[in-house]
K.L.:
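Structure incoming, see below.
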There are 2 protein chains.
Amino acid sequence: MPEPSPDLLFKALADPSRRALFERLCQHGEQTVGALTAGAGISQPAVSKHLGILKRAGLVQGRGAGRQTHYSAQQRALAPLVDWTGRMNRFWEARFDDLENLLKRMDQ
Amino acid sequence: MPEPSPDLLFKALADPSRRALFERLCQHGEQTVGALTAGAGISQPAVSKHLGILKRAGLVQGRGAGRQTHYSAQQRALAPLVDWTGRMNRFWEARFDDLENLLKRMDQ
DNA sequence: GACATTCATAACCATCTGGTTATGAGATAG
DNA sequence: CTATCTCATAACCAGATGGTTATGAATGTC
């Protein structure tokens, strides 16, 4: 399974219902579709569709057990997001350093 | 200026064109709308609309100067995103600790 | 075997979204 | 003053998105 594109990640997390599902799985661990539907405020098919999207983004994993499917969070999948924010900050710091150097040079 | 909701943040970053604009501003600092449009592959009005959305999410700031507007990144706005990922990971670690504790207790 | 439960998929629909072109307001140049 | 340049906004459109109900496949229960 190749690392899913960051675009899928951002898109998956852009929807509040999906974030709520993911948060819940992060907090309370493995849950069946039924359990997730109970607290979601949307229909079971909607939940299934959201779980499908989270899965394609690598954020979630499904384990079939009898007639129910247990889903769990895969927080490793958040790594690209952390990398990205880190990269943005490093860009900024780099520019800040440049400014600092410039000022130092101007000081002389 | 109240901290914009995390939902606006996620939504703003969900679009590749907007991420590209933000990344560019992070890397190369302040840019005019014209300069941004040049490398964006979309029309100027599209760029303006995206900048508007980034602005409402707090990710970007516009400085009017004559007939052009200079935009710059506000990477502080990424803080809620970092917080969120951190929170998800802490949830996970907490559950991991619980499991560890359980195993320890079972050992006795 | 007959029935019930759990989930995924299909079909559908209203709304949102990301793009376009057209236009206009404000600033600068001649 | 007129013409030009830069950007924002309006109006519009095709396609994506998030929800719904209906259905069916697989599993478990009696």
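The model shown is predicted, which means the values in this text are computed figures rather than measured ones. Chain identifiers are assigned alphabetically (A, B, ...) following the order of the sequence lines, protein sequences preceding nucleic acid strands; residue numbering begins at 1 within each chain.
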K.L.:
So, is A/Y71 near the phosphate of C/dA8, with a side-chain N or O under 4.0 Å from OP1 or OP2?
P.N.:
yes
K.L.:
Please report the distance, rounded to the nearest Å, between CG in B/L51 and P in D/dT6.
P.N.:
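My rounded result for the distance is 16 Å.
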K.L.:
What is the distance, to the nearest angstrom, from the CZ atom on B/F10 to the C1' atom on C/dT17?
P.N.:
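Rounded to the whole Å, the gap is 19 Å.
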K.L.:
Tell me the interatomic distance from B/R56, atom CZ, to D/dT9, atom C1', rounded to whole angstroms.
P.N.:
15 Å
K.L.:
C/dG18 C1' sits how many Å from B/R19 CZ, rounded?
P.N.:
14 Å
K.L.:
Measure CG/A/D15 against C1'/D/dG18 and give the value in whole Å, please.
P.N.:
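Those two atoms, CG and C1', are 7 Å apart.
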K.L.:
Taking salt bridge (Lys or Arg N to Asp or Glu O under 4.0 Å) as the definition, give me every residue that meets it alongside B/R63, ordered by chain and number, with sequence neighbours left out.
P.N.:
B/E30
K.L.:
Using atom CG of B/L13 as one end and atom P of C/dG18 as the other, report the distance to the nearest whole Å.
P.N.:
12 Å
K.L.:
Who pairs with B/Q75 by side-chain hydrogen bond (donor to acceptor under 3.5 Å, both in side chains), at least two apart in sequence or on another chain?
P.N.:
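Expected list: A/W92.
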K.L.:
Between protein and nucleotides 20-24 of chain D, what N or O pairs are separated by less than 3.5 Å?
P.N.:
from   : atom 1 : to    : atom 2 : distance (Å)
D/dT20 : OP2    : A/S43 : N      : 3.0
D/dT20 : OP2    : A/S43 : OG     : 2.6

K.L.:
Name the nucleic acid region contacted by A/S17, choosing base, sugar-phosphate or nothing; use a 4.0 angstrom heavy-atom cut-off, strictly under.
P.N.:
sugar-phosphate
K.L.:
Could you list the protein-to-nucleotides 3-6 of chain C atom pairs, N/O on both sides, closer than 3.5 Å?
P.N.:
from  : atom 1 : to    : atom 2 : distance (Å)
C/dT5 : O4'    : A/R67 : NH1    : 3.1
C/dT5 : O2     : A/R67 : NH1    : 3.0

K.L.:
Same cluster for B/I42 and B/Y71 if Ile/Leu/Val/Met/Phe/Trp/Tyr side chains link at under 4.5 Å?
P.N.:
yes
K.L.:
Distance check needed: D/dT17 P versus B/K11 NZ, whole Å only.
P.N.:
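For the pair B/K11 NZ and D/dT17 P, the rounded distance is 13 Å.
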K.L.:
Applying side-chain hydrogen bond (donor to acceptor under 3.5 Å, both in side chains), can you list everything that pairs with B/D7, at least two apart in sequence or on another chain?
P.N.:
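Partners of B/D7 under the side-chain hydrogen bond (donor to acceptor under 3.5 Å, both in side chains) test: A/R19, B/K11.
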K.L.:
What pairs with B/F10 under ring pair (Phe, Tyr, Trp, His ring centres under 6.0 Å), at least two apart in sequence or on another chain?
P.N.:
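Testing B/F10 for ring pair (Phe, Tyr, Trp, His ring centres under 6.0 Å), a comparison that skips the adjacent residues, returns B/W84.
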